[in-house]
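See below for the structure under consideration.
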Amino acid sequence: MFHRQAAQFAVALLGFALFVPTSLAQARLANVTILATGGTIAGSGATSTTTVGYTAATVGVQNLIAAVPELAKVANVSGEQVFQIASENMSNEHWLTLARRVNTLLAQPNVDGIVITHGTDTMEETAYFLNLVVKSRKPVVLVGSMRPSTAMSADGPLNLYNAVLLAAHPDAAGRGVLVSMNDQIQSARDVTKTNTTTTDTFKSTDLGMLGYIQGGKPSFYRAVTRKHTTESEFDVGALTALPQVEIALSYANVGPTQVEALMAAGAKGIVHAGVGNGSLPARVKPALVAARAKGAIVVRASRVGQGILARNGEANDDQLDFVVADTLSPQKARILLMLALTKTTNTREIQRMFYTY
Ligand code: DAS
């Protein structure tokens, strides 16, 4: 009898001895919430070689987490399915919902970081929007994949693992919203999708990525210089909608039709994606002048993709009362102008914002 009790006590002691370190280890891990929105990372195809022509946004967040059991070694992970969409369908309303959920979660002391799984088509836009409205220094990391989860050499699982370990790492705090793909760390402000299908598609070209993730460790080599998150003057708290801002693309032989149609549709701001250094084609300029005269804010941007959009360079912005986009792409200039219009219609103030964020 005594021997049996002694054996039971020994087993219990062993179990406790094993339990304590495990629970202590778990207790030491950061708490990371994964907010799933859809995209290819949640996509599935008919065969293992289907890397185009698959269906995006079919796999739920719990299955994404279950597919990478190694996540439990780098963070205490929980998941929420916020949306389940291909990101070409992302809308202003989705952004407001997502931003509110992010800010609510990050205000909780038991949430240390957030990973957002997202389609790659508009990931750079969602990332920049959140970069301007998240009210926390805690890490927010967007991640996606270029191959569906069913494909040979799918990039989603390792991308998700790296994104979670980045969101759990103290070095990622205070750097603005991050995009983590292909073992690289990019800033929300400067990253853009550069290839339709390859896994190295996200780049920050001229201005450079922030660092790498290698062997389960993030290493930062540069930092962003523009304001973001807790330094931002923008707040989505009370907003029920974002002002309508549209983009007009210029090209050889372009006419005024786009600008006129966008104004007729109620645009409060027009981003002109001009050729070269934001040049205004002779047939488009009058339409933009008319738009300004009706109270719309006009931002000169460039379709080129790199470089500073020089104020008073290809047009007399002082005289036209236009704003220039600095180094923001047309799609990101649209986001900043939408948020700017929630604060002011003063073009000098808006130009300051384009030189600040
Ligand atoms: N349609 C693309 C999207 O959802 C798929 C992807 O690349 O994530 O953005």
Side-chain angles (χ1 to χ4, degrees), residues 34-65 67-68 79-99 101-102 114-131 140-164 166-167 177-205 209 247 305 329-332 334-335:
I34 297 178
L35 299 179
T37 73
T40 292
I41 194 169
S44 52
T47 73
S48 64
T49 54
T50 305
T51 55
V52 290
Y54 54 83
T55 306
T58 60
V59 178
V61 64
Q62 297 309 333
N63 289 339
L64 291 178
I65 294 170
V68 188
E80 292 183 15
Q81 192 77 44
V82 187
F83 322 118
Q84 185 69 291
I85 62 171
S87 77
E88 59 266 30
N89 300 319
M90 199 57 75
S91 68
N92 291 351
E93 290 68 35
H94 286 120
W95 282 349
L96 290 172
T97 301
L98 183 60
R101 189 61 188 144
V102 167
I114 286 180
V115 167
I116 298 171
T117 57
H118 193 290
T120 58
D121 290 356
T122 60
M123 184 186 289
E124 66 201 67
E125 297 180 51
T126 301
Y128 186 53
F129 176 73
L130 293 173
N131 199 50
V140 175
V141 181
L142 276 81
V143 65
S145 73
M146 292 304 288
R147 296 171 183 153
S149 56
T150 47
M152 192 190 313
S153 303
D155 53 329
L158 183 56
N159 281 352
L160 181 59
Y161 175 77
N162 281 345
V164 169
L166 178 62
V177 171
L178 303 173
V179 169
S180 171
M181 294 274 293
N182 192 42
D183 300 343
Q184 297 176 344
I185 307 169
Q186 311 278 358
S187 71
R189 184 188 186 278
D190 301 321
V191 71
T192 190
K193 186 173 182 179
T194 64
N195 188 288
T196 55
T197 56
T198 58
T199 54
D200 66 346
T201 183
F202 281 97
K203 299 192 187 309
S204 298
T205 49
M209 66 180 175
I247 300 172
S329 62
Q331 57 269 31
K332 290 184 180 178
R334 170 183 169 268
I335 292 164

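Order of appearance sets the numbers: ligands from 1, and atoms from 1 within every ligand.
Listed by chain and number, residues touching ligand 1 at under 4.0 Å (heavy atoms only) are Gly39, Thr40, Tyr54, Ala86, Ser87, Glu88, Gly119, Thr120, Asp121, Ser145.
Side-chain contact of Asn182 with Asp155: a donor-acceptor pair under 3.5 Å is absent, judged by distance alone.
Atom OG1 of residue Thr37 and atom CH2 of residue Trp95 lie 12.0 Å apart, to the nearest 0.5 angstrom.
In terms of the salt bridge (Lys or Arg N to Asp or Glu O under 4.0 Å) criterion, residue partners of Asp121 (sequence neighbours excluded) are, by chain and number, Lys193. Remark: Gln184 pairs with Gln186 by the side-chain hydrogen bond (donor to acceptor under 3.5 Å, both in side chains) rule, at least two apart or across chains. Under the salt bridge (Lys or Arg N to Asp or Glu O under 4.0 Å) criterion, Glu88 pairs with no residue, sequence neighbours left out.
Judged by distance alone, the side chain of Asn159 and the main-chain N or O of Gly144 form a donor-acceptor pair under 3.5 Å.
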